[in-house]
Every structure is written in structure tokens, then in C-alpha cells.
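The figures here come from the full heavy-atom set of this structure, side chains too, leaving out hydrogens, waters and symmetry mates. Just so it is clear, the model here is predicted, and its values are computed rather than measured.
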Amino acid sequence: MAIAEQKLTSVSPATASSGSFPWRTWLATVDHKKIGIIYIVSAFVFFLLGGIEAMLMRVQLGTPNNTFLSADVYNQLFTMHATTMIFLMVMPMNVGIGNYVVPLMIGARDMAFPRLNALSIWLFLGGGLLLYLSFLTGGAPNGGWFAYAPLTQVQYSPTAGMDYWILGLGLTGIASIAGALNFIVTVLNMRAPGMSINRMPLFVWMNLVVSFIIIFAFPTFTVGSIQLLFDRQFGAAFFNPAQGGDAVLWQHLFWFFGHPEVYILILPVMGMISEILPVFSRKPIFGYSFVAFSGVGIGFLGFIVWAHHMFGVGMGPMANAFFAAASMVIAIPTGVKIFNWIATMWAGDVRLTTAMLYAIGFISMFIIGGISGITLASPPIDLQQTDTYYVVAHLHYVLFGGSILGLFAGAFYWFPKMTGRLLNERIGKIQFWLMMISFNITFFPMHIVGTEGMPRRIYTYEAGMGWDMWNFIETIGTFLLAFSVLIFIYNVLSSLRNGEVASNDPWDAATLEWTIPSPPPSYNFLHIPVVNSRRPLWDAKYPHAAGDDHHGPSSAPSQVRYEYTDEETEGAKDIHMPSLTFSPMIFSGGLTVASLGFIYINKDILGLPTRVAALGFILIGIVMVSIAIRGWILDSRKDSPYLSQHH
Amino acid sequence: MRKEARKSTIPLLVLVLSCAAMLAGCANLPATTLYTYGDHATRVLDLLTPVFWMAVGVFVIVQGALVYTVIRFRSKQASAPVPTQIHGNTKIEIIWTIAPAFILLVIAVMTFRTQAANSYQPPEAMKIRAIAHQWWFEFQYDDGKIVTASDLYIPVGQSVQIQLEAADVMHNFWIPKLAGKTYMIPGKTNYLAFKATESGIFRAFCAEFCGESHGNMRFRVIALDPAEFAQWKTNYATTPAATNGTAQALGLTGDAARGAAIFADPKKQCAACHIIEGTTAKGKIGPNLTHYGNRLTIAAGVLPYTTDNLANWLHDPASIKPGNLMGRVIKKGMLKDQEVADLVAYLDGMKFAVNMPAEK
Amino acid sequence: MSATSHAHDEAGQAPLVGSLGVDSRKLGLWAFIGSETLFFTALITTHLIFYARTKADLAAKGMLEHMDPKLYLGIDLTTILAAILLASSLTMVLALAATKSKEWPKFRFWLLATIVLGSAFVLGQVYEFTHLYHEGLKLAPQYVYEGETVKSLFGVTFFVMTGFHGLHVTLGVVWLIAVYFKVRRFAASPENPMDVELVGLYWHFVDLVWVAIFTLVYLI
């Protein structure tokens, strides 16, 4: 078996070109696994940047009346921290892991549209770099990640920061919609024979749900930010009340996207947890359909709760009551998930690997974040707690204690599949406990200072409010938290070189990605498996496990293989995979350059109008996009059996 | 004094935590939402208290179940047999779908009751108009006959209805111990009605991010006994007499008469932005400074009111409150030390006696 | 037809039994149209919100008769434009029918007709925009019409909404032209009917959006 694996991996072009790092096979790749890795690595870099921003803010808030940061810099930092963590860290990290794992889980050789997939990653990176470029060109966005009107109008936010924000997020938004379309088609249309919808792994389910949320939630945000851009660049006044616009309209457009966005951040992670818990409990997920459909339910309900972010704007008691009720209803499917996860472990053989610890940590912290959310769904209580540190605590329990701990679970779980080596478990466990403790040191006191009246987004506060000690403790917690992330980085770097070599199936898992070598060859599956149950690999390994009458393989075992003869491996050379192409990268580069130009279409630098240079950038961008489209068409012809002979 | 304040059991928990960590004993909490002195905030607290205990119950049960499960079913040996493969149980699923629904229904019903009470606008309430600016609050009584800033005087035991507006960007009006937040939105008018149940000075904030000095946008609420409040209003409506006194600031003695002349001098630009009733100062951009000597704070709640702090502010407003409009006009060094002292004497001289309650 | 499903074919795999059995690109396009529907819903809603306010405002000033923004938008030209776009949907259907029966000269004729009609719509809209601009309607919250200053976001919401629709039509025309040349060059390719079907699907959607905008903005 080991020999066969060696043979299989040697077919992969990445390992075939030895010596220096094969830049070309990465930059021009259309392989969902490589694209997934690029997503993961870049999201992690943005995670570090967002973390540094958070630490600078915590230093400023560590003591009252501190002058470490100026008010303006602080405002830029909290805007960029949230924007980074949401759009450049958790979302792309989910997409990256999904990109890598989903096609493997459904027995496919790639995403449905490999070139579109490449376009998504480069657009995301273009958008992220554009956002960070703003730090060097006169000021990062400073209007908050929610960009409330009319503070983001040009007279109140005169730097180009918010323009960078609009266009940078515009690019990542196109990337997200393109990615979501790709996931929808891949999941619906590329499943291996026999993998019916009700046999899909829950991680795949949640990616499907999230993709639908993305395509329906992002357009209102796109429209809102286009309108904001017209306000800022052409004086359109959509959201400028002084000229007849409407500040509250922005909030509706923003939160109609913004609240579903929260589920975009958490549902894929819930999917990961639903994969990891059964594997390390050596049991199937408890209540598969309930877990799957509660995800669907959360997805639907997520679209009718947006205005619970707006209880204070004066919508009237009836509207508030509706959105309050809808928000409370969401707690039901969320609770169902938690109960099912606990029941999955119940009576199992619970193996406390690092991945499992993180998964349990996720549940534990998510319980706190979920409960603290209930008071925010109640308008009268919300009006005391909103815009205070209580909300900061709540959202970090959900998005750090939830999403990020879950992502660490996913990282420890799938790292061996992605790299062929296991992460060090001992270091991993130390990191887990340090992270759990420091996370709670950092964020739990925020419930208290919030209840004691500390507003959010203030760059300084006066002494003697009863907030000093807690803020100091929080700041210390941040440094411990940063240290635990450093431990993780060390673990990754050392394990990549010296980590224990992973077999196909190091965790005794259940789903298809563990039937193929670690890391998988470029074509993933030599033979597309035929699936006859929810846990094809498990059922192949344990055909007679007790209590498995209804869901087991019974008459038709899944055709899952992970041992191949040499001849078969040789045959892998004939598997045609789409060719390398730089076109997606040039396309997104063109859009990024054009966006940069668009930012400066109505600005001036040192008194000189920038319009000519801006138009030049836009022109260069258009030329790049045109070149890319031509290249794209030519490249896709190469892979078409019907068009290539004419070329 | 404290006995009438509404207390809840949550502060106990919070205070126990605080006390455990702080050797100096229990902290003074000027902005806590857990000691309330207003009907609006008290109703919220009365709703929060049962919800909090329900939350604690749910937390203990669910977190307990999680921890118990992990400990009890932890793998004890590497080669443990494969456990029974249980795929689910519809009956249990239905139970734990419905059980939380019941708890939520209870919370929802209590929520709607509180919400109805808190959104009610009593017709007899005293009307005060509050206008938020970057980064200070303006208050108007009696259809604009009385205009003040940064200190909101209200009568105890009588409902007040605040008409909330914003002059530039969005702000949020919040007095933690008296009432929950309501946004102040340009182009839209909101109303907030509440009643202070006890006299006192209360901390208040702008709670919505509103630009560079959002962190420096605060105010005080002074709840006075009705008679005292009526007296305050009468005094405030009286045009301040020309003052001739002196005052000490940063070691210099200022002269009020000279200060008045400086204030009125167009070259110094004070009068371009500020109003002082009974003088030629008619600027409408900045806060109305009539009876400035009565203010409790300087620069909208940033510094306590002392003549030294006022002098520091006049020397260099931008260093105390980054981005503020006055700082763009009055740069450091523009006013000489003696001029500042004179201005301080002038502004500090305009005051009348108020029987101030204690800070709560 | 994606490159990877082709990979399945070439490796001699079983057909995708569990999957939907719909062309991947078609599935993707349907999802995209779902997304676009919300995009235009948000634009149209914004327009309607501000339009209702302008109307109320002008009615209060007793200027409704004289200042109803609808008066700017000569209904004749836009009716012709709507007719042109609807006709282009018909020619699109005929073009698709011709690909299915492999009648290439007929197909080319109908697709060219669609391209011509689509371009005519875009040109008509450009003419309408310049005309309105000269009459006084601006991409600004305040403009002068017949000597009187109007404070209204009508121009802003109108130009942004119809402008983005026009952009979609323009991209549709570009796509149609691309398909035209592809089919002309690779007449034998079995992918052709699907290529035409896809662009047709998008074209009908853009057409439908216009029907919605025309009804809500010009007729009501």
C-alpha cells in the first residue's frame, strides 16, 4: 500500500518538478487543492495582520487615557481588524478548506469550473491587497466595517480609505459569488455515483447552504456599496440625509447582507465539527437529517433577522417585535445542532486528539456565545447592551470561540491530508489549552465591562469607571493568545519537515477523502468511487458494526479502494486534467488595477488632480482583462475535445 | 440614598468577581447598567434578571452535559471495541427542539411586555430636544428658549421625552443608569421617554461610532428635585450679568472684563462659533456657552470642570479632543497665557448656584 | 461542459448517477440569475423608495402636475426600446431553435438580429440619457428643470438603476457576438446548442428585468 502511494504521488506535477519551488504550477494552477492551499495560506497571513491590529488596539485600551495610538489610527485599526477577520480571514479560510475538501468528499476530480475557481482566489487576493494598500497611500478605511452612513460620506471621511474599502470588498465579493456558484454546481452536479443528497457529508451540506446564502446575501451589499461609491465619487447622495438621501437605507442594505454573513462565517465550521466529532467518537453523527436541516433552517431564518442590528434606529415596536421573534427562533436550530453534537459523543469511544479538543472547545465556547446572543435578540435588553463591550464579547465568543477554534479543529484534522504529515499532537494540545485559557481571559471580562457601561469603538476611556482592571486583564490575555498562535506556526513549520508521515487514513475516518493518498494526486481518484452509504470508508472498514442495520452497506458495499496495482497507477497518466493558465490571474490583476484607478478618479494628491493617472490605470486594467479573456478562451479550447483539433 | 435604587442579583455576581480580584474592595461603577435610577433602565433590568438566570440554567445544563459526556466516554484504551452505531432518535430530537422553544416563548412574552412599556411616550412628559454634533450634545428646552450643551438637567419623578436629532452623522443617546440607547439620526427624529426616580448626576455617552473623537463624546445628566429644577430653569433663562471678577488658572490671575472683550474680539474668532446670551456672540456652530461656569465638564465630558482644565483646553483644544472643530481654528500658541486666564475668568464668572446632587 | 466532467468521461467512468443530470454551466447560470435578481431588486427598491418620497414632497408643494419626474421620461421612446428588447427575446428563441435543428444560416440570421436589436436598445438608452441630461436631469440630488430647482434623488436612482441594466445588456451583446463567432468557426461542435441556450437564458433574464423596470418606472 505504501509503495502504491509513492507511485501515485509521483504523478502529481507539483512533486514531479524537483528543485526550486514550482512557481508556475502554483500561479497558473486550476487544481482545487492548490487553490485551496493558496486560500488557506493567504487567509492565515491576513489572520496575523488582523491579530496585530487587535493587539495594537488592546495595548491602547490596556490603561485609561492612554496615548499609545491616536484616535484616527485607532479608528482605522478597528475598521481594518473587523474587515480583515471577516472578509480576509474566516470567509476565505472556510472557502480554502472547502475548496480542498469538498471535491474530495464527494468523489470528484475538481471543482465544476476550475478556471473560475482560480479567478476567485486571485480576485480575493487582489481585493485584500488593495485594502491593505490603503495603509500606505494616506490612510486605511476608518468608518467601521459596517460603514454607517453618513459618516462614510466624503465630507466626514475625506481620505481615500473608504473608497479602498468599497472597491477592495467589491473584488472579494465578486470572488465570493463566483466561488459560491462554483460550490453549488460542484456539490449538486459532481457527486460520485450513489452519493445522493442525503448521503452527502455534513461539511458538504453546510458548504452548499452557505453558497446559497452568499449568492442571495451579497447582491444587496454590492448594490449598497455601489451606491456609496456613487455618493463619494460623483455626489449622488443616496445615503446623505443633508441632500435628501437616507442614512437608514444603508443599514437595511448592509444588514440584509451583514447578518447572513454571520452564518456564512459559522456554518462551514459547524460542518467541520459535524465531521470531526463522529470520527473521534467512532460513531455516526447523531440525527444526520436534523443536523443538516437545522443548517438549512438557519440559512433561511438568517435572511429575516437583519434588523435586530437596528433596534435602536426607531423602526417602531411592531417591526422590532418581529425581528426579535425571528432572532429568537434561530436559537432553536442552533440548539438542535449542539444537542446532536453532544449526543454524537454520548456512548462513543471519545478520542481526545487535538482536532477533537478544538471541536469540543468550539461547542463549549459557542454555547456561551449563543446564550449571550439571546439577550441581544430582546430589544429592550439589546438597547442597554448594544454598542457596548458586551457585544464585542458575544461576537468574539461566536466568531473566535466558534469559527476560529473550529477552523483549528479543521486544520489539525485535514493537515495530514493536505501535506502528508501529521501536526505534532503534544504541541497541539499545549496550544489548545493556552488558547482556550487566554481566549477566555481576553474576552470574558468584556461581558462585564460591557454591562458596566463601556461603549465599543472608543479609542480611550477615563479612569475610575470600574473598567480599568478588566481592560488590563484583557490586554494581557491578548498577548497570551498571540503566543498560542505562534506555537501553532512553529508546529506547522516543524511538522512540515519532521512531522509523522500520514497514511491515507490516519484518523480511522469515514469519508471519501481518506481513501486516497495524503496528499492526493492531482486527479484525486484513480477510479471514481461508487457510494452506497453516508460513511463509505467506514462501512468498507467495519462492515458488521453493531446497530448499523438501517444505514449500513447491507447488500451493496461502497466501492472504495485505496490500494492500486502499478499498472493502474501508470494508467493515471491518461487522466486528462485542465491545463495550467495564467488568464484568471491576469484577469483579476486587471480588475484590481482598474479599481485602484477608479479610487482616484475624483481625488487629488498634493493639490494635483489624479484623474489622468486614474484613467491610465483603468485603461491598463481593461487591457489586462481583455488579454485575459482572450487567453481564457484559448486555454479552455485546449481542454475541449471538440475545439482543440481546430486550434 | 442607595436604598431606593433598583438592584438585581446580577451585580452580585459581577461584584463578587470584581471584589475577588480587587484588594481595594468594590469598584465604583458610574456607568453600570445593573444599578438603575430610571424607570426605563429599571424595566430592562427587571427583564434581564430572569433572562440571566434562565441563561445560567441553560448554560449549566448544556455545558455540564458536554463536559460530562467528554469525561465519561473518553477513550480508555487504544484498542477499544467499536461502540454501538447509533444514528439518531426522532423522539429525543423532537423533545430538544421543543424544549428550547418553550424557554424562548417565555422570554419573548416578557420581552414584548417590557418593550411596550419602554416605547410608550407619555403625553404629559416634559419635552427636551437633544441634537448631537460631532462630538458634543446640545439640549434645548421650551422650544429653544433655553439652549445648553453637555449637561442635561431633568426633574426627578417626572417623565421627560427627549426628541433626538443629529446635525451631522449618526450618534446614539445613552444614559446607562436611566435609559437604554436610541439612535440620533440625521434626517430622522426619534423619541425616548423616561423618568429619573432619584436625584443624582449620571454618566452618559454617545454609543454609536461617529468619527475621530467618538471616544470623547460624553455628557452628564443631572436629575434635580422638581423645585430645584424649576429654579435652575429660571436662573438659566436669565441673561448672565456682565462680570468683573477674577479667577486663577495655571498660576495666572485672569480678569473677567478683559476676557469678555477677548471673547467678543472678531480676530479671536470665539464669537464666530459660540453664543453667549446678552452679548454680541451669536455664532451657531459650536455649543452655546451661556452660564458656562455651571458646566460639570469641559469638552463634552472629557475633563472635569476646573479653571486649570479650561485653560488647558483653550491653549490647545486639538490635543484634548482630536479632530474637533475648535482645534482647527485655535491652534496651540494662538492665545497668550494671560489671554487664556482672562477668558477663563470671564467664562467661569458666568454662573449661578445649583444645589448639586451626588454623583451616582 | 466543464473540463473535469470531461475528465470523468475520458477515464471511462460511470455517468454521474447521483448528480442532477443538468449541464453544469446551465446550473451555474441559473444560480447566477438568482443572485442577479436580488441585485436588481435592491436597485429597483431604492428607486421606488426615493420616488415615493419625491412624489409626496412635490405633491405637498403643489408642483406635482408640473414637476412629476415621469414627465422627463418621454414614454414614446422607452416604449419603442421595450418593444425592441422584447423582439430581441423572440429572435433569441428562434436562434436557439435553429441551432437545435442545425439550420446554421437561419441561426446566424436570428442571432445577428438579436445582436442588432440589443445594440439598438443600448444606443437608444444612450440617446435617452443624453436627452434627459440636456433637459436637466442629473446624477445629483438637486437639478434645475424649466427654471425651477428640484430637490430629488430621482435622477440619481434612475440613472444608476437603468445604467446598470444597460451595462448588463451591453455585456449580453458582447456575449452574443462571442457566441456568434464561436459557432461560425466550430459549426460541428456539439457544445453549440448549449452555448446558445446559455446566452439566451441570460438574455431573457435581462429582458425580464427591463419589463420590471419599465412597468415600475414608466407605467405606474
If every non-hydrogen atom of [X] is compared with every non-hydrogen atom of [Y], which pair is closest and at what distance?
{"X": "B:Arg218", "Y": "A:Glu462", "value": "NH1-OE2, 3.6 Å"}
{"X": "B:Pro83", "Y": "A:Ser281", "value": "CG-O, 3.8 Å"}
{"X": "B:Leu48", "Y": "A:Gln385", "value": "CD1-NE2, 4.0 Å"}
{"X": "B:Ala31", "Y": "A:Met465", "value": "CB-CE, 3.7 Å"}
{"X": "A:Pro150", "Y": "B:Asp168", "value": "CG-O, 3.4 Å"}
{"X": "A:Ser378", "Y": "B:Thr111", "value": "OG-OG1, 2.9 Å"}

Would you mind checking which part of [X] comes under 4.5 Å of any heavy atom in chain A, side chain (CB onward), backbone (N, CA, C, O), both or neither?
{"X": "B:Val51", "result": "side chain"}
{"X": "B:Tyr191", "result": "neither"}
{"X": "B:Ile185", "result": "side chain"}
{"X": "B:Trp174", "result": "side chain"}
{"X": "B:Ala41", "result": "both"}
{"X": "B:Asn89", "result": "both"}
{"X": "B:Arg203", "result": "side chain"}

Would you say the side-chain atoms of [X] pair up with the backbone N or O of [Y], donor to acceptor, closer than 3.5 Å?
{"X": "A:Glu452", "Y": "B:Leu29", "answer": "no"}
{"X": "B:Asn190", "Y": "A:Val313", "answer": "yes"}
{"X": "B:Lys181", "Y": "A:Gln384", "answer": "yes"}
{"X": "B:Lys188", "Y": "A:Val248", "answer": "no"}
{"X": "B:Thr33", "Y": "A:Thr451", "answer": "yes"}

Chain B contact via [X] - side chain, backbone, both or neither, heavy atoms under 4.5 Å:
{"X": "A:Ile374", "result": "side chain"}
{"X": "A:Ile338", "result": "side chain"}
{"X": "A:Gln251", "result": "side chain"}
{"X": "A:Ala321", "result": "both"}

Exercise for the section: Flag yes if more than 12 heavy atoms outside B:Lys76 fall under 6.0 Å of its NZ atom; otherwise flag no. Expected result: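 Atom NZ in B:Lys76 is crowded, with more than 12 foreign heavy atoms closer than 6.0 Å.
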Problem - More than 12 heavy atoms from other groups under 6.0 Å of CZ on A:Phe472 - result: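 Atom CZ in A:Phe472 is not crowded, with 12 or fewer foreign heavy atoms closer than 6.0 Å.
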Exercise for the section: Could you have a look at A:Ser372, A:Gly312, A:Ala324, A:Ala331 and say which one has the most heavy-atom pairs with chain B under 4.5 angstrom? Expected result: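 Maximum pair count with chain B is reached by A:Gly312.
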Problem - Contact check, side chains of A:Thr460 and B:Asn216, non-hydrogen atoms, under 4.5 Å - result: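 Yes, their side chains come closer than 4.5 Å.
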Exercise for the section: Report yes if some heavy atom in the side chain of B:Leu66 is under 4.5 Å from a heavy atom in the side chain of A:Met345; otherwise report no. Expected result: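 In contact.
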Problem - From A:Arg535 atom CZ to B:His87 atom NE2, the distance as rounded to the nearest 0.5 Å - result: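 Interatomic distance, A:Arg535 CZ to B:His87 NE2, rounded to 0.5 Å: 5.5 Å.
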Exercise for the section: Would you sort out whether B:Glu212 and A:Asn142 count as a side chain to side chain donor-acceptor pair (under 3.5 Å), showing the intermediate values? Expected result: CA-CA 9 Å; B:Glu212 189 170 355; A:Asn142 57 3; over 6 Å; no
Problem - Plane angle bin for B:Phe209 and A:Phe146 - parallel if under 30°, tilted between 30 and 60°, otherwise perpendicular - result: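 The arrangement is perpendicular - the two ring planes meet at more than 60°.
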Problem - Ring geometry between B:Phe205 and A:Trp467 (parallel below 30°, tilted from 30 to 60°, perpendicular above 60°) - result: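 Tilted: the ring planes of A:Trp467 and B:Phe205 meet at 30° to 60°.
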Handout entry: Derivation and outcome, side chain to side chain contact (heavy atoms under 4.5 Å, CB included), residues A:Ile458 and B:Met217
Key = CA-CA 9 Å; A:Ile458 53 172; B:Met217 185 169 169; over 6 Å; no
